Student: 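Structure incoming, see below.
A quick note: this is a predicted structure, and the numbers were derived from the prediction, not measured. Letters go in sequence order (proteins before strands), and every chain restarts at 1.
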Amino acid sequence: MLQQTRVAAVIPYYDRFLERYPSYDALAAAEEQELLGMWAGLGYYSRARNLQAAAREMVRLGGFPREYAAIRALPGVGEYTAAAVASIAFGLPHAVVDGNVLRVMARFGAEGGEITAAATKNRLREAADAFLDAAEPSRHNQAVMELGATVCTPKDPQCGRCPIEPWCEGRARGLARELPVKSSKTVIRRVERSLLVVMRNGHILLWQRPPDAVILSGFWELPEPHQLPKAKPGVALHRFKHSITNHIYQFEVFSVAAGKWSPPEGELWRWVPVAGLAEIPLSTTARKALAGLAQGKLFQ
DNA sequence: CATACGTGGAT
DNA sequence: TATCCAAGTAT
């Protein structure tokens, strides 16, 4: 859950998740729709499927793997997570390299290469390995990450409060604030989109993203106009903004009268009772669109 | 190996 | 409002 996600955002999800799936047996047996529902809103949904796949692997293995290579081989576990689990759970001497560590080591060694370049990352990885206190890898790793999160912060680093400031090459050269060097920013695209709210007898028309969808597979969505060419958009209900990686979507939500046209047939389309919306994994866009209507006339 | 993947909080 | 980026991974 913590992969690219702030601790504060994770905590409520973590608590609910552990309550519902207290063991890897429970997680391994979970229904996919329920699992996605537990993860809905947290983002990076492949993590949920990978975590379940890992749980099923543990069922097969008969327990949690205790060696770095076996941990690293679990689905969704990369170098960072493998090192974090190996060091924190099992005391194995592997240095974690997350965003915090990259920044701390870049400043500590006055690394001037672009942070996204593989060669730079490799140098910083080596620096992190050399820096590791192999006698206490758990405390060391957490300490370096915490240093990055609280003192050696991206902007306005608090060098005066830093316990390793006397040995910091970036500080000595007055570069701490400029490091790490980041590459050119990615282009953000703005896109206008529409969502349709089609109601019939207390049910709302939704479609489900197919299993092979690149994004949000398995989640339920409101239809867009091109999916319902016969439908005539009616009242514009409201607008909201939603960003997904390098896109900023401006959504406008329209109500549509269910009338003489028919919605597409098939597994992917369903009339969902409004009262049952909580039981399926709704995409965040659908959730935002419907939340904006909650006080409106639609559901009264 | 550059890029896509989600979302929201901080600045 | 715009930008950054978070206890990264898979492809």
Student: Quick one: A/N141 CG to C/dA7 C1', roughly how many Å, whole number?
Tutor: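 Checked: the CG to C1' distance equals 10 Å.
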Student: Working to the nearest 0.5 angstrom, can you tell me the gap between A/K232 NZ and A/F254 CZ?
Tutor: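 Going from the NZ atom of A/K232 to the CZ atom of A/F254 covers 13.5 Å.
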Student: Determine the interatomic distance between C1' on B/dC1 and the same-named atom on C/dT11; round to the nearest Å.
Tutor: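 Between the two C1' atoms, the distance is 10 Å.
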Student: If I pick the C1' atom on B/dG8 and the same atom on C/dT1, what distance separates them, to the nearest angstrom?
Tutor: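 To the nearest whole Å, 16 Å.
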Student: At a heavy-atom distance below 4.0 Å, what parts of residues 64-80 of chain A sit against DNA chain B?
Tutor: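 The stretch gives none, as no residue of it lies under 4.0 Å from the strand.
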Student: Who clusters with A/I248? Use side-chain heavy atoms, under 4.5 angstrom, across I, L, V, M, F, W and Y, and order the result by chain and number.
Tutor: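 Via sub-4.5 Å side-chain contacts, A/I248 links to A/I188.
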Student: Among side-chain atoms of A/S46 and A/R49, is any donor-acceptor pair under 3.5 angstrom?
Tutor: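 No, no side-chain donor-acceptor contact under 3.5 Å.
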Student: Taking atom P of C/dT3 as reference, at what distance in whole Å does atom CG of A/D156 sit?
Tutor: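 Computing the A/D156:CG to C/dT3:P distance gives 21 Å.
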Student: Indicate, with a heavy-atom threshold strictly under 4.0 Å, whether A/K288 touches base, sugar-phosphate, or nothing.
Tutor: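 Since only primed, P, OP1 and OP2 atoms lie under 4.0 Å of A/K288, the category is sugar-phosphate.
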Student: Round to the nearest Å and state the distance from A/K241 atom NZ to B/dG6 atom C1'.
Tutor: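 Spelled out: NZ on A/K241 to C1' on B/dG6 is 16 Å.
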Student: Cut-off 3.5 Å, side chains only: do A/R47 and A/N50 have a donor facing an acceptor?
Tutor: no
Student: Which residue pairs pass the side-chain hydrogen bond (donor to acceptor under 3.5 Å, both in side chains) test with at least one member in residues 270-282 of chain A, sequence neighbours excluded?
Tutor: none
Student: Mind checking A/S243 for me? I need base, sugar-phosphate or nothing, with any heavy atom below 4.0 Å counting as a touch.
Tutor: base
Student: Measuring only the P atom in each nucleotide, how far is B/dA2 from C/dA7? A whole number of Å is fine.
Tutor: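 Each nucleotide's P atom is 24 Å from the other's.
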Student: Using a 6.0 Å distance limit plus a 45 degree cone around the ring axis, check whether A/R66 lies over the aromatic ring of A/F90.
Tutor: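 No, cation not above the ring by the 6.0 Å, 45° rule.
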Student: Under 4.0 angstrom, heavy atoms only, what part of the nucleic acid is A/A118 near: base, sugar-phosphate, or nothing?
Tutor: sugar-phosphate
Student: Do A/W39 and A/P281 have side-chain heavy atoms sitting under 4.5 Å apart?
Tutor: no
Student: Between A/I115 (CD1) and B/dA2 (C1'), how many Å, whole number?
Tutor: 16 Å
Student: Calculate the interatomic distance between A/I11 atom CD1 and C/dA6 atom P; express it in whole Å.
Tutor: 17 Å
Student: Please say whether the positively charged group of A/R16, taken as NZ for Lys or CZ for Arg, lies over the ring of A/Y13, i.e. under 6.0 angstrom from the six-membered ring centre and within 45 degrees of the axis.
Tutor: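 Pair A/R16/A/Y13 counts as cation-pi.
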Student: Roughly how far apart, to the nearest Å, are C/dC4 and B/dT3 at atom P?
Tutor: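 Comparing P positions in C/dC4 and B/dT3 gives a spacing of 16 Å.
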Student: Report the distance from atom CE of A/M1 to atom C1' of C/dA6, rounded to the nearest whole Å.
Tutor: 16 Å
Student: Is there side-chain contact between A/V101 and A/Y80, with heavy atoms separated by less than 4.5 Å?
Tutor: no
Student: Which ones in residues 34-56 of chain A lie close to DNA chain B, meaning a heavy atom under 4.0 Å from one of its atoms?
Tutor: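 Listed by number, they are A/G41, A/L42, A/G43, A/Y44, A/Y45.
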Student: Taking the nucleotide of DNA chain B with the nearest heavy atom to each, does A/T285 or A/A119 sit closer to the 5' end?
Tutor: A/A119
Student: Under 4.0 Å from OP1 or OP2 of B/dA4: is there any side-chain N or O of A/R189 that close?
Tutor: no
Student: Given that A/A117 and A/H242 both sit by DNA chain B, which one's nearest nucleotide is further toward the 5' end?
Tutor: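 That would be A/A117.
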Student: Taking only residues two or more places apart in sequence, or in another chain, which ones meet A/R6 in a side chain to side chain donor-acceptor pair (under 3.5 Å)?
Tutor: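 So A/R6 forms no side chain to side chain donor-acceptor pair (under 3.5 Å) with any residue.
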Student: Say whether A/T285 and A/E221, considering side chains only, have a donor N or O and an acceptor N or O under 3.5 Å apart.
Tutor: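 Per modelled atom types, A/T285 and A/E221 side chains form a pair under 3.5 Å.
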Student: What I want to check is whether the side chains of A/R209 and A/S283 have a donor and an acceptor closer together than 3.5 Å.
Tutor: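 Absent: no donor and acceptor within the cut-off.
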Student: Kindly determine whether A/E178 and A/R173 satisfy salt bridge (charged side-chain N to carboxylate O under 4.0 Å, His left out), including the steps that lead there.
Tutor: CA-CA 11 Å; A/E178 323 302 329; A/R173 299 189 197 173; over 6 Å; no
Student: Without decimals, in angstroms, what is the distance between A/R209 CZ and B/dC5 P?
Tutor: 10 Å
Student: Reckon A/T81 has a side-chain N or O less than 4.0 Å from the OP1 or OP2 of C/dG8?
Tutor: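 Checking C/dG8 against A/T81, no side-chain N or O comes under 4.0 Å of OP1 or OP2.
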Student: Check each residue of residues 3-10 of chain A for a non-hydrogen atom within less than 4.0 Å of any atom in DNA chain B, then write out the ones that pass by number, or none.
Tutor: A/Q4, A/T5, A/R6
Student: Nearest whole angstrom, please: distance from the C1' of B/dT3 to the NE2 of A/H247.
Tutor: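 That distance rounds to 11 Å.
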Student: Whether A/N246 contacts B/dA4 is assessed here as follows: a side-chain N or O lying under 4.0 Å from the phosphate OP1 or OP2. Is that the case?
Tutor: yes
